[in-house]
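Let me begin by presenting the structure, written as structure tokens, before commenting on it.
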Amino acid sequence: MRRTHSCGALRASDIDQTITLCGWVHHRRDHGGVIFIDLRDREGVTQVTFDGAVCSAEVHAQADRLRNEWVIEITGTVASRGDNVNPNLATGEIEVFATSLTILNQAQTPPFELDEHAKVGEEVRLRHRYLDLRRPVIQSRFLLRHRATKIIRDYFDQRGFLDIETPILCKSTPEGARDYLVPSRVHPGAFYALPQSPQLFKQLLMVGGFDRYMQIARCFRDEDLRAERQPEFTQIDIEMSFVDMDDVMAEAEGMIRSLWQEVLGVDIGPVQRMPYAEAMLRYGSDKPDLRYGMEIHELSDWAPTSGFVVFQRGVEDGGICRGFNAKGAAEALSRRQLDFLDKEFVRDYGAKGLAWIKVGNGEWQGPAARNISPEARAELAQRLDVSDGDVLFFSAGPKRVVEATLGAVRVHLGTEMLGLAQPGDWRFLWVHSAPMFEWDDEARRFVSVHHPFTSPYADNLEILTSDPGACLSQSYDLVLNGVELGGGSIRIHRPEVQEQVFRALGIGETEAEEKFGFLLDALRYGAPPHGGLAFGLDRIIMQMAGTDSIRDVIAFPKTQKASDAMSEAPGPVSDAQLKELHLLSTARND
RNA sequence: GGCCUGGUAGCUCAGCUGGUUAGAGCGCCGGCCUGUCACGCCGGAGGUCGAGGGUUCAAGUCCCUUCCAGGUCGCCA
């Protein structure tokens, strides 16, 4: 070992010791006769002092050459800082008077300052990620991630879960996200798909008798990216045999509880549960953010009597009318902001506008207010608990548009405009019993809300074919502050039920056998009842680290166009490679 | 695929209604400095204003196309 200590280790108790440190030059302060170097490694920063009266002229001259990010090794004596203690450093009580200096490597001037105070754009940081990763704030996130995965593995190990790896080269299956494909050399014209999740394999592990499985698994989805979405991401994947919903939820909740307890020192308390239908009604979302109120109310029965033609027509045309009360928000919301919500914000969600009413001094102001009859107003005041200083929001029209619109406005108010969401406020919620299917207008068929292997409730089996849209699933999603951390379900373990579900999805018998034959076969050979769940590890870490981008907790993330700013992947390959894979590119090379 | 925001020195940004030689802070380079700790002082270098085209006497600024980055809707079983 070259070094005796890390740069975060030395304390007053080490005074007078002769020690050796290695690290990067973090800052240098050259006073002529004395040169101070802040030496940095993963563990911290130590001040190294080159004093002309202590070290040799040669060493002092070498120290004079040092620049930021040079890699050095120093040997010297630990000394008290006396009156010059630096309270911002863990090692601030001491400094090291260097007597020898070895320059292990020089460094070009970095493209950006690694100083903790410097503001640097993400683009440059990602292009030189290896430099960005040296910054203590960044390193602390990966320390956190390491601790978390260790706790997760230990938690499941103690509870009898086996960590088993599943294939990366898989078969492409219909449904779900776009696959990343890998061409086969030995099977001309055939392709592997990278797993969107280990879903089928973990079910087969249950058929294989492993009873309890866990894996921290890499997953791949070729869809457009978001702040909380990457083309490759990591799931905490679990599956259990002979269980019902409560069993899986209890295990998953226990894991989350110990994570928050051991990493953040936070007791998350009991986790609320809410049926999907209730979440959609009260919050306009399948992942409600419970950090603020503003619950949405059904007003479809009130709308026809409201006197306001927009509300009336919305309901007459087969839609709904709902609204909510932003209590006491009148002062915080300017006319300009309300206009933005009405004329810009809600357009993204398919709404033509957003009706709002500002209540002040008993007066109801806003475009919608004058149209509402006094009687309707009185009823509304009672139903939405209206008082002075409130702002009311309404939407009328197709159900999905109204839900999406009010849900989005509510979140925008809570997190942005009114700033009601406080850091350190952890509101966990299980959203369960989602519908099995959802009608897809474009595909003109039902699609799975969860996935095609999700089991309906036993007492919903008879409507599986007669009324698929009304059939509810044994599913559960864990939501934290409006972010879906993960979800799962009890799976179908009887082949005839699985076949019925495929049929409801418009997957014919031939296609089912071709794409999922191995699963159906497996179910026929004595599959145990089973269920499981998968969490998005990156999203969990992101929440714990208090950042708002998944890229912050992935060492080498991709950009929004799914490329690597550093290695510039993906890149072209030679014609010879293509030929070997029986591929011909249709992309133009101009 | 749609919408929105941004791209000016190595970094972070300013640059008005189109008008002289495009600026600041930090960083960098040189000099000075024995108690700093985001050291300080003096001096200096550094620009394809993302790219291409257009309008104009004149474009960082206006228009069109395009590339890149980010946000978001669609999409993400």
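All figures in this text were calculated on a predicted structure; none of them were measured in a lab. Each chain gets a letter, A, B and so on, in the order the sequences are listed, and its residues count up from 1.
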| Looking only at atom types and distance, does a side-chain atom of Y476(A) sit under 3.5 Å from a main-chain N or O of V431(A), one as donor and one as acceptor? |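 Not at all, since once roles are kept as given, no pair shorter than 3.5 Å links the two residues.
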| request: Determine the interplanar angle of the F340(A) and H412(A) rings, folded into 0 to 90°, and report it as parallel if under 30°, tilted if 30 to 60°, perpendicular if over 60°. | output: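 F340(A) and H412(A): tilted rings.
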| query | Would you call the rings of Y349(A) and F345(A) parallel, tilted or perpendicular, where under 30° means parallel and over 60° means perpendicular? | reply |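 Tilted: the ring planes of Y349(A) and F345(A) meet at 30° to 60°.
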| Contact list for RNA chain B against residues 46-70 of chain A - heavy-atom distance below 4.0 Å |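 By residue number: Q47(A), D51(A), A53(A), R67(A), N68(A).
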| Near RNA chain B, under 4.0 Å by heavy atom, which residues of residues 559-567 of chain A? |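 Residues of residues 559-567 of chain A under 4.0 Å from RNA chain B: T559(A), Q560(A), K561(A), S563(A).
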| request: Write down the partner of rA22(B) under the Watson-Crick or G-U wobble criteria, each distance required to be under 3.5 Å. | output: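 Checking every strand shown, rA22(B) finds no partner, since no pair has both distances under 3.5 Å.
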| query | What is the pairing partner of rU5(B), taking Watson-Crick or G-U wobble pairs with both distances under 3.5 Å in any strand? | reply |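 Pair assignment: rU5(B) / rA69(B).
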Roughly, in whole Å, what's the span from [atom1] in [X] to [atom2] in [N]?
| X | N | atom1 | atom2 | answer |
| --- | --- | --- | --- | --- |
| L225(A) | rG71(B) | CG | C1' | 12 Å |
| R229(A) | rC75(B) | CZ | P | 10 Å |
| R127(A) | rG70(B) | CZ | C1' | 14 Å |
| K558(A) | rA69(B) | NZ | C1' | 16 Å |

| What's the shortest heavy-atom distance between E223(A) and R178(A), and which atoms? |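 Closest heavy-atom pair between E223(A) and R178(A): OE2-N, 2.8 Å.
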Does a donor on one side chain and an acceptor on the other come within less than 3.5 Å for [X] and [Y]?
| X | Y | result |
| --- | --- | --- |
| Q203(A) | Q199(A) | yes |
| H451(A) | R491(A) | yes |
| Q500(A) | R494(A) | no |

| query | When you check the gap from the basic side-chain N to the acidic O, do R129(A) and D132(A) get nearer than 4.0 Å? | reply |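 Salt bridge between R129(A) and D132(A), a charged N being under 4.0 Å from a carboxylate O: yes.
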| field | Aromatic stack H31(A)/rC39(B): centroid gap under 5.5 Å, interplanar angle under 30° | value |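 Yes, aromatic ring over the base.
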| task | Summarise how protein sits on nucleotides 1-7 of chain B as a single string, 5' to 3': B when a protein heavy atom is under 4.0 Å from the base, S for sugar-phosphate-only contact, - for no contact. | result | B------
